[in-house]
Amino acid sequence: MKRENALLRLSTGIAEAESETDVCSAVVAGLYDAALGYDFVAVLLVDQATGDRVLVASEGWKDAPPGLRIRPGQGLSELPLLDGRIHYTPRVTEETRYLPTRNEGSEADVPILANRELVGVLVVESNRPDAFDEDDLKILTAAANQAGIAIGRARLLRAERARADEQEALRATMADLAGRLDLGTLLKAVLERAVRLLGVSHGELAIYDAETEELEIVANHNIGRKDTTGTRMKLGEGAMGHAARTHEPLLIPDYREWSGRSAQYAAVDFHAVMVAPLLIGGHLVGAIAFMDKDPARQFGPEDLRLLNLFAPQAAIAIENARLFTAAQHQRQYFQELVDNNPVAIVTLNEHHDVVSCNPSFEKLYGYTQAEVVGRNLDDLITTEASRAEAVRYTKQALEQRPVEVISQRRHKDGTLVDVEVLGVPVIVNGKRVGLMALYHDITALLKARREAEEASRAKSQFLASVSHELRTPLNAIIGYSELLGEEVEELGVAQLGDDLGRIHASGRLLLSLINDILDLSKVEAGKMEIHCETFPLAPLVKEAAATVGPLVEKNANRLVVEGAAAAGTMHADRTKLMQMLLNLLSNACKFTRQGTITFSVSRDGADGDGRVVFRVRDTGIGMTEEQMGKLFQAFSQAEASTASRYGGTGLGLAITKRFSRLMDGDVVVESTPGTGSTFTLTLPAVVRDSAPAGALGGD
Amino acid sequence: MARILLVEDNEMNRDMLSRRLQRKGFEIEMAVDGKSGVEMGRAGKYDLILMDMSLPEIDGWEATRQLRAAAETADVPIIALTAHAMAGDREKALEAGCNDYDTKPIELDRLLGKMAALLGNEGADS
């Protein structure tokens, strides 16, 4: 009767159990009953992967190691697995297979079949030999049958649930992965799904960095105390590195004993580990690893099947997210460049409406981005005066011709801003989508330039005024010395004549110096006017030759004039041309002694746009390259000492150069030291009139 | 002996030029500004007028125009005297009605040449 009650309790317990473990515990608890009198009851289930028997539940053995494994070939409990029958051993000590736990006793080993498959063994022991009778064996067989049915049912249930979970997990994962493009979140989600799908306690996900050939752990689940995120492993290092290198999944029954473990995982004490590479068409993007804290959890074909379903999809999702993230980083990079750019940048669509602007634009024009987006740019920042021009530029830039101008635009408060504008079309995939305009604020720059120009003009103006004021007293000095020169004889003081001559000559030199300075400063102040007239060249040449006559004779030189008769007429500023020619001729006279100065004029090119070429060649002292380099600079005779030896202001050539440029011509020199120099002045036969404003007038 | 009117506001220039011309035998009278230059010119029956261009009251160009406009001085030769050889001064002076033009500082021989050309046989008696 007591036995019947015990069996009833056993059946009830088994019926209520849902999982395999619960079933095993219920069987053990039901049989380990005082009424039955057994000393040890246990259920061992077969690990399909290894064939080991794993202790799932037991009673009567205090400190029984959970998850104890018995290898094939050991123990009496293997016998039912070999032939599918119940085995009763009346005296355990007589059996060689017996793993000694007690000195004497008896043991019954009953096979557990689930769905006609041997899944485990019910082991019942007594401390007494011959303790089991027929009745006991019937009871145990019935219990094992019930357990088998319950385990079969639990397994079906689990498989059913797993399949449902798997479907749900895959569906959820894919939906999720498609929606999530943020790499960090996605990687975590992928790993969580995989961990749930496989029903494991731990997982790690790494992505592959092709540049460094390293895997980097980017997500983990439940990994001990230390966060492994950021850990990097070389290809081939550890389980992940191994799978990544071979492109094959890897199952490791006991990681602690695996020879390939990474030093970085030396402290980890997982048993079974499953690793798979994440591949897209043979191209490695990462690796995923699973572990379980339960020593009984081994990975088998079912796990691999799930992994093969999952891994390719995860790989694609990761790669998509990675590409998206890279694109986003790129975008962010350029956005940073725009946002922190000191140049005001605005982008427009094809209708000239503002699409975006940067903080510098907001600062330059006083509008916030919100105020300008969607509005016509030219309506906002142009003035009455610049609107038509701005619209034209906008159109031009949209038509793919870049615009680069200096202009004025209007700030929100109405003030004007000087800007350098660059407008360029924005072309994406060959299609014009709008334009970008850059505004460089040059208000301060222009102000500085205006001030500098103003200062330079003021300086030139000052120089001009001073020179001008100096001339009045100088005229008196020259005039009175001449007057006195005429009077000395009459006054009977002829001996003063030489001294008066010196005063007079110095006065004239000072005057020519002042006149030259005045000319130069006028050119530099932009106030030198060109007044053109049409005149025949022959008389001009004759006049110049005549004027320079006394100077020619002074150094016993000979002047040869060539080409004047055939030179025709030209249209130019005759006064300035004469001044230039006299400068060149007097120069030649000064630096030549007992030599020949050849003054020639000729025409070059067609009559309409031809040029007139004046050439002054001497057989004087000549110049070196270095001397020629600074010849046309103001106050620069080839050598400082030259001025005192040869006289002159040193300004003549500088003036000649500037005058020639004013008339769209030029003067150049060729020279050989000791042999002579040739100055060539070339001017257009018809010089354009120019009239700079505000010429200095009066005396 | 030719009668010359010298219109010049600068005292030293006036003194210097008048003395040099007197030494050459001219009879010189002087005006110190444009306004008195015009008045003296119209009243004085001169053979030639030397006209500084930069003058107080009215300038040389305006004074020349007024002299040209007046019947009694319409034909009196006028030589403009300007400071620096400014291109354009010459045309400006000729436009205003001057017969010729010379620059300061005066080169006496050059000026005398120009005066002689305008005075014809009535030149200086030297």
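Lettering follows sequence order; numbering is per chain, from 1.
Here Met570(A) contributes atom CE and Phe614(A) contributes atom CZ; the two are 5.0 Å apart, rounded to the nearest 0.5 Å. Atoms CD1 and CE, on Ile106(B) and Met16(B) in that order, are 8.0 Å from each other to the nearest 0.5 Å.
In this structure, chain B has no heavy atom under 4.5 Å from any part of Leu474(A).
Contact count versus chain B (heavy atoms, under 4.5 Å) is highest, among Arg574(A), Glu533(A), Glu487(A), Arg508(A), for Glu487(A). Taking chain A as the reference chain and counting heavy-atom pairs below 4.5 Å, the highest number among Leu108(B), Leu17(B), Asp15(B), Asp59(B) is found for Asp15(B).
For the pair Lys576(A) and Arg658(A), the minimum side-chain heavy-atom distance is 4.5 Å or more.
Evaluation of the salt bridge (Lys or Arg N to Asp or Glu O under 4.0 Å) test over residues 64-73 of chain B, restricted to residues two or more places apart or in two chains, returns Arg42(B)-Glu72(B), Glu62(B)-Arg65(B).
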